[in-house]
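To keep things clear, I will list the structure first and then write my remarks on it.
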Amino acid sequence: MKKYNHKKIEKKWQKYWEDNLELSQAQENSDKPKFYCLDMFPYPSGAGLHVGHVENYTATDIYSRFKRMNDFNVLHPIGWDAFGLPAENFAIKQGVHPDKSTHDNIKNFINQIKSIGISYDWSREIDTSSPEYYKWTQWFFLFLYKNGLAYKKKAKANWCESCKTVVANEQVVDGKCERCGGEIIQKDLEQWFFKITDFIEDFKGENGKEFSGLINGLDKIDWPNSTKISQKNWIGKSEGTIVSFEIKISNEKSATSLNVFTTRVDTIFGCTYVVLAPESSVTSNLKSVISNQKEVDEYIEATKKKTDLERMENKEKTGVEVKGVKAINPFNNEEVPIYIADYVIGSYGTGAVMAVPAHDERDFEFANNHNLLKKGVIIPSPIKSGLLIGDEIDNVNDSYKHFDDYANKKKDNIRKGIEIFVEDGTVIDSGEYSGLKSEEAREKMTAWLEKEGKGEMKVNYRLRDWLVSRQRYWGAPIPIIYCDKCGEVAVLEKDLPVMLPTDVDFKPTGESPLAISKSFHDVTCPLCGEKARRESDTMDTFVCSSWYYLRFADSQNKEEFASRENLEKWLPVDLYMGGAEHTVLHLLYARFFTKVLAKYGYINFDEPFLKLRHQGMIMAEDGRKMSKSLGNVVNPDDVVEGFGADALRIYEMFMGPIDEMKAWSMQNVNGPKNFLDKVWKIFNEKELIDCGGDCKDIPRELPVMLHKTIKKVTIDIESFNFNTAISQMMIFINEFGKHDKLPKFAMEKFLILLAPFAPHMAEEIWSSFAEATADKSDVEKYKQSIFLQKWPEFDEAMTKDEEVEMVVQVNGKIRDRIKINTEISEEEAKKIALESEKVKVYTEGKEIRKVIYVKGKLISIVVG
RNA sequence: GCCGCGGUGGUGAAAUUGGUAUACACGCCAGUCUUAGGAACUGGUAGGUUUUCCUGUGCGAGUUCGAGUCUCGCCCGCGGCACCA
């Protein structure tokens with residue numbers, strides 16, 4: 001027998017597939033239903049393909065091949081997320097232009113992907129760093145801009161005073177510039193934003209159609225629950241109340257007031273002070289009346305120097321009182337002091353909060369540091385985790401009475417602010433609201449505020465607009481021109497793409513590298529023709545990846561990002577797979593882009609990815625993350641070399657559930673390798689007999705095994721349980737390997753099942769049938785690729801064994817196992833069980849109370 | 001801290017509505033073949049008892065004829081978010 005030479009055979013079929021592209025291409029004209037199966041396109045890093053890529057691409061490759069064999073017109077494309085910081089950093093370090101290093105890396109990725117037999121439609125390959133692609137990224141920018149969804153606004157950035165430039169967060173060390181050691185401050189700078197916050201809630205399209213927003217859309221798509229929850233948390237919707245506190249200046253009520261946002265208005269009678277964020281404009285409006293202006297200013301200045309990161313890291317809650325003014329609680333007219341503290345975030349809510357130290361951990365901490373009053377107004381509701389409070393105790397079991405003292409003490413501690421209580425409960429010491437449950441109190445208090453004109457219900461979101469401008473070279477230039485006369489002007493569509501200049505020094509000076517290129521920077525205004533300058537920032541790479549799945553529908557189109565016809569034909573994506581690290585950013589941005597297009601009538605769906613799955617991370621053999629510095633990285637090339645591509649594919653699928661984290665084991669690769677060797681051996685050594693339709697000579701277990709296997713493999717691929725599909729194929733081979741003569745039809749069907757997992761070996765064996773077959777009419781069939789075969793169907797009746805083992809339990813313990821015919825009646829089964837000698841030992845002389853029968857599985861006898 | 005996911009042999013892991021726990025594979029042990037190494041093949045492989053049972057799915061309760069699976073309370077590990085009022 002010739003040994004399976006994986007190197008030679010895999011090369012052979014990879015060449016065959018390249019010569020026969022129609023096997024993997026989506027068909028332009030077809031009556032078959034479409035299926036769009038997409039992988040998150042990779043960033044072509046210098047490190048090459050990672051085993052995690054292999055896991056992702058193999059899973060969807062199996063699925064795509066399976067779908068094609070089930071008569072779907074499958075679109076399974078690939079491309080390159082080529083812009084990005086790493087290429088630029090590599091360029092700076094090695095002096096190689098990012099364009100060159102990126103394209104070298106892409107070549108390497110292509111070779112590696114082809115070496116594991118992934119059936120991509122290469123005719124639709126895209127590269128986000130090519131002008132043909134980023135022309136449309138720029139078009140999207142203009143599209144958003146024209147619809148008021150892209151805008152420029154001042155935003156905080158790290159500014160180095162001596163370099164006169166912005167630096168990235170990573171370039172700030174201990175509040176100083178990494179390069180010059182100069183002081184870094186937070187400075188408001190003009191930045192570009194996309195208005196993603198417009199699409200949080202459901203919206204109407206221009207044509208009047210209703211679409212789901214970023215929150216509700218999640219309910220109608222098949223995504224991992226954890227991913228949906230992450231997105232919801234990121235959006236961070238919270239419903240609360242805005243309360244207006246009047247400001248009292250040196251004992252006079254003033255016309256000014258300040259608004260706070262709270263989700264716990266039920267605690268407002270416990271408010272003992274109010275806190276403003278340092279960014280708040282309230283203090284600047286009160287300048288003339290603040291008696292400690294200098295102290296306040298110093299605190300604000302000190303805050304400005306801190307980065308957001310430092311502000312959060314600071315564990316001590318600092319702040320200063322704004323003296324000379326007081327805030328008046330609208331509910332009880334109490335005057336409370338006003339503080340300014342950096343634990344309050346300026347950009348969220350109103351940038352001011354009412355502090356209730358008895359019921360909020362942060363306020364509690366701050367109050368302790370500054371010796372402020374604490375006043376508890378919420379106590380645990382009567383029964384909570386066995387803790388009983390107040391009058392109710394008398395109505396409950398006497399044995400609980402000893403809790404009384406404890407409960408009263410707790411209640412007292414909360415009231416005095418000695419103990420903090422942050423949950424909902426019952427309101428006390430709050431005038432007419434006392435005795436209400438937190439939730440009722442919130443409703444009634446908010447209603448009162450609205451009636452008095454002193455507040456309102458308000459929904460706030462954590463999600464901010466998306467800051468898309470980057471002061472970097474290796475990205476798509478933002479297509480905007482600044483003219484002294486006309487101001488901000490959009491580049492005309494006919495002038496797209498705004499080419500990324502190749503002649504600039506891409507090394508970072510802190511400023512946008514593009515600003516240095518005169519040929520790029522100096523232009524004439526498209527409106528008035530006067531001298532003007534280009535925007536020199538580039539776009540965040542996430543912008544490129546927010547729409548690439550649309551481009552695949554029509555990747556060569558020169559007139560549009562994709563034709564409506566092709567979008568309609570292929571979108572939305574039916575199955576999307578990629579790493580869980582993209583649960584928030586990429587997936588949220590892509591959904592945003594889809595919703596914008598839906599709103600303006602370009603597409604008629606509002607969710608881009610109907611079904612999403614993540615592959616679990618593959619760890620190194622030592623259980624740690626694979627990393628260059630630890631030297632524990634497994635290179636897929638080495639595995640292909642040593643074991644073969646098919647063995648690598650099956651190993652990665654056999655490791656465990658696709659979405660779980662798993663550790664690599666070089667030793668365990670032997671399993672799939674042995675399995676494939678066994679398959680090869682059986683097809684080469686055993687006699688395959690053509691037994692026509694009835695196959696009378698063949699023991700029934702063989703066709704039963706075949707049908708069981710077809711069923712299991714089919715269902716398991718459909719549900720992404722590749723590991724158990726493979727173990728079923730192993731069981732099949734173990735069983736068939738015991739016989740010398742094997743029915744050819746069964747082995748052929750098995751080979752078709754195996755083909756998506758081990759495409760090279762399957763093609764090789766399939767093609768070998770062409771010579772071996774006795775029936776000359778079959779020769780043509782075997783000369784074709786196995787992937788043109790139809791996926792086998794199973795006969796449910798043939799998946800059932802004739803005899804099964806029935807378990808007999810007595811009082812829940814197994815006492816006998818009896819072989820029975822599957823089809824016998826319940827009466828017969830019970831009779832057989834009760835007559836068993838082993839069972840009689842336990843039932844003799846006892847009353848049989850109950851006999852439970854589970855068809856084909858077990859009898860449970862209950863005796864007294 | 002909050003949210004999510006998980007905990008089953010020496011290892012990776014299986015297990016429809018609750019219904020035979022440990023399928024499949026790795027590793028290990030023994031045997032066959034071989035000059036030998038390796039490969040291949042056959043058998044064994046949860047623990048305790050020894051030929052018949054008992055105990056076993058992180059820990060402790062509960063529901064049930066029956067719990068890895070359901071309920072409650074803990075412990076541990078991993079991932080994400082983290083001063084969002």
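Here is how names work: the chains are called A, B, and so on, in the same order as the sequence lines, proteins then strands, and each is numbered from 1.
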>> Is the shortest side-chain heavy-atom distance between R649(A) and V54(A) below 4.5 Å?
In response: no
Between the protein and nucleotides 37-47 of chain B, are there any N/O to N/O pairs under 3.5 Å, and if so, what are the atom names and distances?
| residue | atom | partner | partner atom | Å |
| --- | --- | --- | --- | --- |
| A40(B) | O2' | K681(A) | NZ | 3.4 |

At a cut-off of 3.5 Å, list every protein nitrogen or oxygen paired with a nitrogen or oxygen from nucleotides 70-72 of chain B, distance to 0.1 Å.
none

> Taking only residues two or more places apart in sequence, or in another chain, which ones meet T272(A) in a side-chain contact (heavy atoms from CB on, under 4.5 Å)?
Replying inline: P357(A), L373(A), K375(A)
> Is any side-chain heavy atom of Q615(A) closer than 4.5 Å to a side-chain heavy atom of E652(A)?
Replying inline: no
> Does the side chain of S226(A) get closer than 4.0 angstrom to OP1 or OP2 of G80(B) through an N or O atom?
Replying inline: no
>> Ring centroids only, cut at 6.0 angstrom: are Y273(A) and F366(A) within range, meaning strictly under it?
In response: yes
> Of all residues at least two apart in sequence or in a different chain, which pass the ring pair (Phe, Tyr, Trp, His ring centres under 6.0 Å) check with F720(A)?
Replying inline: Y63(A), F722(A)
> Roughly how many Å is it from CZ in R624(A) to C1' in G79(B), rounded to a whole number?
Replying inline: 19 Å
> With a 4.0 Å cut-off, would you call K819(A) and E805(A) a salt bridge?
Replying inline: no
> What nucleotide among C78(B), C65(B), A23(B) has an atom nearest to a side-chain atom of S727(A)?
Replying inline: A23(B)
>> Does any part of the side chain of S836(A), heavy atoms only, come nearer than 4.5 Å to the side chain of I818(A), both counted from C-beta?
In response: yes
>> If I take atom CD1 in residue I731(A) and atom P in nucleotide A25(B), what distance separates them, rounded to the nearest angstrom?
In response: 7 Å
> How far does NZ of K830(A) sit from CD1 of I848(A), to the nearest 0.5 angstrom?
Replying inline: 11.0 Å
> Can a side chain N or O of N670(A) be found less than 4.0 Å away from OP1 or OP2 on G27(B)?
Replying inline: yes
>> Need the glycosidic conformation of G9(B): syn if within 90° of 0, anti if not. Which one?
In response: syn
Atom pairs, N/O to N/O, protein against nucleotides 51-57 of chain B, distance under 3.5 Å?
| residue | atom | partner | partner atom | Å |
| --- | --- | --- | --- | --- |
| C54(B) | OP1 | R815(A) | NH1 | 3.4 |

>> Do T241(A) and L449(A) make a side-chain contact, defined as non-hydrogen atoms from C-beta onward lying under 4.5 Å apart?
In response: yes
> Considering residues at least two apart in sequence or located in another chain, which fulfil the ring pair (Phe, Tyr, Trp, His ring centres under 6.0 Å) criterion with F732(A)?
Replying inline: F736(A), F750(A)
Kindly give the atom pairs (protein nitrogen or oxygen, nucleotide nitrogen or oxygen) under 3.5 Å for nucleotides 15-19 of chain B.
| residue | atom | partner | partner atom | Å |
| --- | --- | --- | --- | --- |
| G19(B) | N2 | Q809(A) | OE1 | 3.0 |

> Among A85(B), C26(B), A25(B), which nucleotide sits nearest the side chain of Y343(A)?
Replying inline: A85(B)
> Can you list the residues that meet the side-chain contact (heavy atoms from CB on, under 4.5 Å) rule with A833(A), with sequence neighbours excluded?
Replying inline: M806(A), V808(A), I859(A)
> side-chain contact (heavy atoms from CB on, under 4.5 Å) with T724(A): which residues, sequence neighbours excluded?
Replying inline: K712(A), D716(A), N721(A), S727(A)
> From A82(B), A85(B), C26(B), pick the nucleotide closest to the side chain of D360(A)?
Replying inline: A85(B)
>> Could you check whether E827(A) pairs with K831(A) (Lys NZ or Arg NE/NH1/NH2 to Asp/Glu carboxylate O, under 4.0 Å)?
In response: no
>> Any carboxylate oxygen within less than 4.0 angstrom of a Lys/Arg side-chain nitrogen, looking at D342(A) and K317(A)?
In response: no
>> My understanding is that only residues two or more places apart in sequence, or in another chain, count here; which of them pass side-chain contact (heavy atoms from CB on, under 4.5 Å) with E456(A)?
In response: I242(A), E450(A)
> Which nucleotide, A85(B), C3(B), C26(B), lies nearest any side-chain atom of I345(A)?
Replying inline: A85(B)
> Considering only heavy atoms, which members of residues 798-806 of chain A lie under 4.0 Å from some atom of RNA chain B?
Replying inline: E805(A)
> So, are D795(A) and K711(A) salt-bridged, with charged N and O less than 4.0 Å apart?
Replying inline: no
>> Dot-bracket, 5' to 3', for RNA chain B please: Watson-Crick or G-U pairs under 3.5 Å, [ ] where pairs cross earlier ones, | where the partner sits on another strand, dots elsewhere.
In response: (((((((..(((......[....)))((((((.......))))))(((....)))..(((((..]....))))))))))))....
> With rounding to whole Å, what would you report as the distance between U49(B) and C2(B) at their C1' atoms?
Replying inline: 50 Å
> Among C65(B), C3(B), A25(B), which is the nearest nucleotide to the side chain of N734(A)?
Replying inline: A25(B)
> Under 3.5 Å, is there a donor-acceptor pair linking the side chains of Q809(A) and Y842(A)?
Replying inline: no
>> Do the side chains of R264(A) and D424(A) get close enough for a salt bridge, i.e. N-O under 4.0 angstrom?
In response: yes
> Whole Å only: how far is the CD atom of Q615(A) from the P atom of G79(B)?
Replying inline: 16 Å
> Which is true for N723(A) with a 4.0 Å heavy-atom rule: it touches a base, it touches only sugar-phosphate, or it touches nothing?
Replying inline: sugar-phosphate
> Does the distance from a Lys or Arg side-chain N to an Asp or Glu carboxylate O, for K708(A) and D801(A), drop under 4.0 Å?
Replying inline: yes
